[in-house]
There are 2 protein chains.
Amino acid sequence: MARVTAAQRREQDAGAGYNAFVEACPSRKLLDRISNKWVALILAALGSDDAHQPDSACAGGPRAMRYSELARLLAGVSQKMLTQTLRSLERDGLVTRTVVPTVPVTVSYELTDLGLSLYGMMRGLKAWAEAHMDDVLAHREAYDTRLA
Amino acid sequence: MARVTAAQRREQDAGAGYNAFVEACPSRKLLDRISNKWVALILAALGSDDAHQPDSACAGGPRAMRYSELARLLAGVSQKMLTQTLRSLERDGLVTRTVVPTVPVTVSYELTDLGLSLYGMMRGLKAWAEAHMDDVLAHREAYDTRLA
DNA sequence: GCGCCTTCTTCCCATTAGAAAGCTACACGT
DNA sequence: ACGTGTAGCTTTCTAATGGGAAGAAGGCGC
């Protein structure tokens with residue numbers, strides 16, 4: 001693991017200036033997991049039925065969704081990443097994966113209570129994004145035009 | 001752009017089932033920016049002086065930090081990614097970059113009010129991470145031992 | 001039997017992050 | 001005046017990661 005080695009070397013270099021922010025900290029690992037690109041979207045999809053109406057504050061309520069349903073809704077996720085992300089979420093106890101032995105095998109994913117509490121956090125983040133979206137866009141345009 | 005094409009094809013496939021979750025939505029772009037790996041850490045670093053004590057709830061107060069200070073604190077970020085992330089944050093109006101003409105040129109980064117409000121969100125996320133860290137770890141171990 | 005549907009996996013390639021070196025600019029010491 | 005050292009940033013090369021498409025259980029209808 002070259003990364004850990006490099007980080008540790010740099011840590012010795014700096015002279016133990018941090019107790020946190022270090023890669024080994026579990027909180028940071030969890031933050032990395034949370035801040036995965038698709039995790040947020042899957043949580044938003046599972047957490048609210050109609051997750052993106054700006055007027056309805058994600059009030060659709062949590063519901064179970066099937067694999068293909070998620071794949072359709074997310075509209076840009078590859079099947080590989082969807083499966084991979086769902087597995088990691090299941091591993092972390094954020095979603096449950098239930099195989100329903102219907103005519104073709106159906107798999108439904110649902111948020112656990114833990115995932116639901118995380119979804120609450122995500123909702124706040126999404127609210128922030130929707131509230132400050134135009135601010136950020138304005139800053140971005142100003143920055144881009146400033147350096148022509 | 002094959003990705004957009006694929007997403008659009010899938011969109012037509014599903015029959016306009018989403019107005020959100022689509023890649024072009026600015027809210028999603030913003031969410032992607034927020035959920036970048038280093039953005040959260042830089043915000044945490046700039047937002048609180050001693051950002052990771054579990055007892056002190058990130059109360060160090062926001063302060064400006066120099067480039068090398070950030071590089072030391074984050075302890076695992078490459079200089080390239082640090083510069084890149086700081087530039088994008090500056091572009092989005094979340095941090096200010098001020099060049100101080102000291103003996104060697106010093107650059108100090110500071111959160112804007114917009115970045116500070118985002119840091120408030122991040123603080124909630126970090127609190128969640130610290131609160132449920134052990135839950136997630138327990139689930140993870142259980143999952144790993146279950147499939148031997 | 002043949003094909004199909006749903007979920008998931010495997011292969012290959014494009015994109016991106018990371019590591020290390022180099023580059024610029026400028027004050028300072030000599 | 002010339003090298004040196006420091007801070008910030010850039011470049012270059014390589015390893016890891018993500019996306020796309022094809023394909024594999026596994027059970028059903030035709």
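By convention in this document, chain letters (A, B, ...) are assigned in the order of the sequence lines, proteins followed by strands, and residues within each chain are numbered from 1. When reading the values below, keep in mind they use all heavy atoms of this one structure, side chains included, and skip hydrogens, waters and symmetry mates.
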Nearest to side-chain heavy atoms of [X], which nucleotide of [options]:
X	options	value
A:Val107	D:dG8, D:dG19, C:dT7	C:dT7
B:Gln79	D:dG19, D:dC9, D:dA22	D:dC9
A:Arg66	D:dG19, C:dT6, D:dG23	C:dT6

Same cluster (ILVMFWY, side-chain, under 4.5 Å), A:Leu114 and B:Leu137
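Unlinked, A:Leu114 and B:Leu137 end up in two clusters.
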
Indicate if B:Leu82 and B:Val100 have the same hydrophobic cluster label, given that clusters are the connected sets of ILVMFWY residues with side-chain heavy-atom separations under 4.5 angstrom.
no

Can you list everything that forms a side-chain hydrogen bond (donor to acceptor under 3.5 Å, both in side chains) with A:Gln84? Sequence neighbours excluded, please.
none

Run the side-chain hydrogen bond (donor to acceptor under 3.5 Å, both in side chains) test against B:His132 and tell me which residues pass, sequence neighbours left out.
B:Trp128

Whole-Å gap separating [atom2] ([N]) and [atom1] ([X]):
X	N	atom1	atom2	result
B:Arg97	D:dA7	CZ	C1'	12 Å
A:Leu82	D:dG18	CG	P	14 Å
A:Glu69	C:dT7	CD	P	9 Å
B:Met81	C:dT15	CE	P	17 Å
A:Tyr67	D:dA25	OH	C1'	15 Å

Identify the pairs formed between an N or O of the protein and an N or O of nucleotides 26-30 of chain D at a distance under 3.5 Å, and give each distance.
none

Residue pairs, two or more places apart or on separate chains, that pass salt bridge (charged side-chain N to carboxylate O under 4.0 Å, His left out) and touch residues 85-96 of chain A:
A:Arg33-A:Asp92, A:Arg91-B:Asp144, A:Asp92-B:Arg140

For [N], does either OP1 or OP2 sit under 4.0 Å from a side-chain N or O belonging to [X]?
X	N	value
B:Arg72	D:dG8	no
A:Trp38	D:dT17	no
A:Lys37	C:dT15	no
B:Ser68	D:dG8	yes
B:Lys80	D:dG8	no
B:Tyr109	D:dA7	no

Could you tell me whether the side chain of [Y] reaches within less than 4.5 Å of the side chain of [X], counting heavy atoms only?
X	Y	result
B:Ile42	B:Leu86	yes
B:Val95	B:Leu46	yes
B:Leu125	B:Met122	yes

Please test B:Thr112 against B:Thr96 for side-chain hydrogen bond (donor to acceptor under 3.5 Å, both in side chains), starting from the C-alpha separation and ending with a verdict.
CA-CA 6 Å; B:Thr112 62; B:Thr96 56; over 6 Å; no

Is [X] reaching over with its side chain to a backbone N or O of [Y], donor-acceptor style, under 3.5 angstrom?
X	Y	value
A:Ser88	A:Thr85	yes
B:Tyr67	B:Gln79	yes
B:Ser108	B:Met65	no

The helix from C:dG1-D:dC30 to C:dT30-D:dA1: angle between terminal helix axes, five bp per end, to the nearest 10 degrees, reads 20°

Identify, residue by residue, the members of residues 83-95 of chain A with a heavy atom below 4.0 Å from DNA chain C, and return them in order of residue number, or none.
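Result for residues 83-95 of chain A: A:Thr83, A:Arg87, sorted by number.
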
